[in-house]
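All remarks here apply to the structure that follows.
Residue numbers begin at 1 in each chain, while the letters A, B, ... track the order of the sequences.
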Number of protein chains: 2
Amino acid sequence: MNSVSGERLNKNSDHPYSVTSMTLADGRELIYFDDDPEVLNGSVKRILTDSRELPHAKTDSEIRRDPLSGEWVAYASHRMNRTFMPPANEDPLAPTVPDHLPTEIPSPDYDVVVFENRFPSFSMHMSRTPSAEGNDGGAEQHSSDDDALLDNGMVPHRPAVARCEVICFTSDISGSFKDLPVSRIRTVIEAWAHRTKALSAIPEVRHVYPFENRGEEIGVTLQHPHGQIYSYPEIPPRIRNIVHSSKKYREENGSDLFDDLLSGELGEGTRIIDRTDHFVVFVPAAAKWPLEVMVMPRRSVPDFDALSQEERADLAPLLKKLYTAVDKFFDGVERTPYIASWNQAPTVPEDRDHVRLHLQLFSLMRSPHRLKYLAGSESGMGFWINDTTPERIAQRFREIWDDK
Amino acid sequence: MNSVSGERLNKNSDHPYSVTSMTLADGRELIYFDDDPEVLNGSVKRILTDSRELPHAKTDSEIRRDPLSGEWVAYASHRMNRTFMPPANEDPLAPTVPDHLPTEIPSPDYDVVVFENRFPSFSMHMSRTPSAEGNDGGAEQHSSDDDALLDNGMVPHRPAVARCEVICFTSDISGSFKDLPVSRIRTVIEAWAHRTKALSAIPEVRHVYPFENRGEEIGVTLQHPHGQIYSYPEIPPRIRNIVHSSKKYREENGSDLFDDLLSGELGEGTRIIDRTDHFVVFVPAAAKWPLEVMVMPRRSVPDFDALSQEERADLAPLLKKLYTAVDKFFDGVERTPYIASWNQAPTVPEDRDHVRLHLQLFSLMRSPHRLKYLAGSESGMGFWINDTTPERIAQRFREIWDDK
């Protein structure tokens, strides 16, 4: 059942790495991204066979569109049983070592690894095929509501076809993104770029979303440092809103929303935290969260795949600095819970010019011992109330930015 | 400093009650809604003098519009210091009784009381006047971005002028909304209607939002049974989305979105929980939360103020039944944390026909011991993933609906 889908070496860039794909016992794909010189020169080989006996991956997710809000919602009831905070010796993201049960990753070591989520919200392994749902299936379908089944003539729904991937930043269960060496962060960036390109090529996919949830406080179910890469069969509400704002801005002003936003922030200065040759780090002027920061390229770049080599090299140390500062933000809190949310342009060609890649990193923590709860105004109405100001958030970041 | 703004008796309806307004020591308004016969016949009088010495209420909130999402965000940094879970003998929502410190409510007893929030997100008591911000102030301003100051030419912002009110359902700190007698729930409905009308008359207000957050699990800071009534200086995102869907639906289908939604649900039946002469209780076909239920009038009613006497009388016992069922939903959980979110039409005349009053009651609890966390997909992208299905939620409600 296990097969290797190919190996690619990227030796021409300033950051050589290899990409090796294999198939897990249940049919899911796993991809090694290696920067270790011994792997690159062939003296160490990754294991490409999954010894477990697993039933073939199957998912029953579907999406439905709410006729009132217009938003799509995914139903993934199999996720109710997903792995929840296993002890360290049952870490499913650990490498597989002798005398231990095999994990999701067959090799005894790895650098960065990406694989299809075992409990996905969206999946290519649907147990119900689109045609069984009354559709014909096929690539053209996903973009039109007319192709979806209607529930009561009001609620379009269809199988949630797309891919959800897990990305492990390191084989070491302890530590965090900020503890990665800069060269490993660069490999993560390369993996995000690779996956963005690959997932964007899936006909059903309209948006690719790399993100990281960090902290038990926000429901993280595995402590091993990892992120996720969702691909969505519909453009998510936030991105749809940005596309709308961006188009409207260009019509009204004849210029690019992101260009003007960055030059406005750089001119004003009160919310700027740092700037490099290729990126600006700032707190958005209308930040929703008690800790919120953005990293945005100066150039109009739709997604990771479109970043130049120079931009990737510039971004890696900047992310290390930012994530380090996030853990110093609250006195007495060594692991700030956060969501690192990489906004990318939709895969739909006509929308690609309207969204610039940017990281929106935010925390629900509002002081060392209190979380911000999303209560009636936020959860019910979508109207955020922030107990601090963007200027204070930026001031705090500047105070701690160069601390070691 | 204390003054009584008037008393109104409503004896003509099937549910007589009185409305008595006073001014608290810091200038905030408090309003008693009484259904007690002794209050109505004048043999018991409410205290209309606040004996505390308080500095005059002042607020510095402002709102800003995010140029990317297009959403308004409120900044209310004074709320960082709000009262947090005081012991029962310091309950600020208790009546003021002899030998105890005076609370927010001067009377030794009350039925239902509404007052301006001491730590509001929006306020009429701004310490900075609109003109000090570069505006002229006045009623016409709020509806146009052009009147707001621009930050960097990109981010409109202005003082957050509107009113946030607290509504106490009972003078008894213990118990919950579901424990209120039906006649008291009716008085709460009358208070919601009264406040909707009054707040809608404030020129700056564009939307009135009665809601209740219940449960420490979702950050409730006072255990005393109470709700809140926000009025917003801008139409909140959820309501804006509904207006958009509703207008589009009418254009495309020539019929009313809510009419068709209700008849679709009643025809389908799988998500219907109960129906009365005037209301339908159902789980929305695209529910976002692990527990979510809607109560919607059969008639096109924009808000509480527009409900007929018959509808109000019909609604009160139905709400008691619903809130009772919510606390039976999860085995072993006696107090389900929930947000009860009353969606009303905007006060803007051209939008009033496009939103029907409805309760969206939801819980972040996904099983007896686990909360649903809003992680990357929900908080970052606005794309909800639900671990259950609307049909299962409805099935569970039907199982417990008639339990005592």
Side-chain angles (χ1 to χ4, degrees), chain A residues 64-77 79-80 121 151-155 209 211 213 218-219 228 230 232 236-239 241-242 244-245 257 260-261 264-265 267-268 284-286 288 339 341 360 367 371 373-377 379-389, chain B residues 64-77 79-80 121 151-155 209 211-213 218-219 228 230 232 236-239 241-242 244-245 257 260-261 264-265 267-268 284-286 288 339 341 360 367 373-377 379-389:
Chain A
R64 303 181 185 183
R65 196 183 60 195
D66 179 4
L68 298 185
S69 69
E71 292 167 0
W72 290 89
V73 178
Y75 297 91
S77 52
R79 278 169 56 83
M80 197 66 113
S121 301
D151 184 281
N152 304 332
M154 302 288 295
V155 181
Y209 176 44
F211 67 100
N213 301 325
I218 56 168
Q228 299 182 66
Y230 270 29
Y232 289 106
R238 175 173 166 88
I239 300 298
N241 287 342
I242 296 178
H244 176 81
S245 299
L257 172 62
D260 290 1
L261 182 63
E265 287 299 332
E268 160 71 24
K288 288 159 79 171
I339 294 171
S341 177
Q360 185 189 21
S367 63
L371 290 181
Y373 291 92
L374 300 185
S377 189
S379 290
M381 282 294 133
F383 204 123
W384 255 249
I385 317 286
N386 197 337
D387 289 348
T388 184
T389 64
Chain B
R64 302 182 184 183
R65 196 182 60 195
D66 179 4
L68 298 185
S69 69
E71 292 169 0
W72 290 89
V73 178
Y75 297 91
S77 51
R79 278 168 55 84
M80 198 66 112
S121 302
D151 185 282
N152 305 333
M154 301 288 295
V155 181
Y209 176 46
F211 67 101
E212 181 193 353
N213 301 324
I218 56 167
Q228 298 184 65
Y230 270 29
Y232 288 106
R238 176 173 166 86
I239 300 298
N241 286 344
I242 296 177
H244 176 80
S245 298
L257 172 64
D260 290 0
L261 181 63
E265 288 299 331
E268 161 71 24
K288 289 160 78 169
I339 293 170
S341 176
Q360 186 191 19
S367 64
Y373 291 92
L374 301 183
S377 190
S379 291
M381 283 294 133
F383 205 124
W384 254 249
I385 318 287
N386 197 338
D387 288 349
T388 184
T389 64

Mind listing the closest non-hydrogen atom pair of Ile339(B) and Gly376(A) along with its distance? CG2-CA, 3.8 Å

Minimum heavy-atom distance between Pro237(A) and Gly382(B), given as atom pair plus value: CG-O, 3.1 Å

Nearest 0.5 Å please: distance from the OG atom of Ser121(A) over to the CG atom of Asp387(B). 8.0 Å

Side chain, backbone, both or neither: which part of Gln360(A) has a heavy atom under 4.5 Å from chain B? side chain

Looking only at Ala74(A), Gly264(A), Ser341(A), the option with the highest number of non-hydrogen pairs under 4.5 Å against chain B is Ala74(A)

Cut-off 4.5 Å, heavy atoms of chain A, and the answer for Glu212(B) is neither

Determine whether Leu68(B) and Leu261(A) satisfy the following criterion, side-chain contact (heavy atoms from CB on, under 4.5 Å), listing intermediate values before the conclusion. CA-CA 9 Å; Leu68(B) 298 185; Leu261(A) 182 63; 4.0 Å; yes

Could you please spell out the steps behind the side-chain contact (heavy atoms from CB on, under 4.5 Å) verdict for Ile385(B) and Tyr230(A)? CA-CA 12 Å; Ile385(B) 318 287; Tyr230(A) 270 29; 4.2 Å; yes

Between Phe383(A) and chain B, which part of the residue has a heavy atom less than 4.5 Å away: side chain, backbone, both or neither? both

Counting only non-hydrogen atoms closer than 4.5 Å, does Glu268(B) touch chain A with its backbone (N, CA, C, O), its side chain (CB onward), both, or neither? both

For Ser245(A) against Ser69(B), the heavy-atom pair lying closest together: OG-C, 4.0 Å

Does the side chain of Pro67(B) come within less than 4.5 Å of Leu257(A)'s, by heavy atoms? yes

Pick one of side chain, backbone, both or neither for Asn213(A), based on which atoms fall under 4.5 Å of a heavy atom in chain B. side chain

Where does Leu374(A) contact chain B at under 4.5 Å (heavy atoms): side chain, backbone, both or neither? both

Between Tyr209(B) and Ser377(A), do the side chains contain a donor N or O and an acceptor N or O under 3.5 Å apart? no

Distance-minimising heavy-atom pair for Pro236(B) and Met381(A): CB-O, 3.5 Å

Give, for atom NZ of Lys288(A) and atom CH2 of Trp72(B), the distance between the pair rounded to the nearest 0.5 Å. 15.0 Å

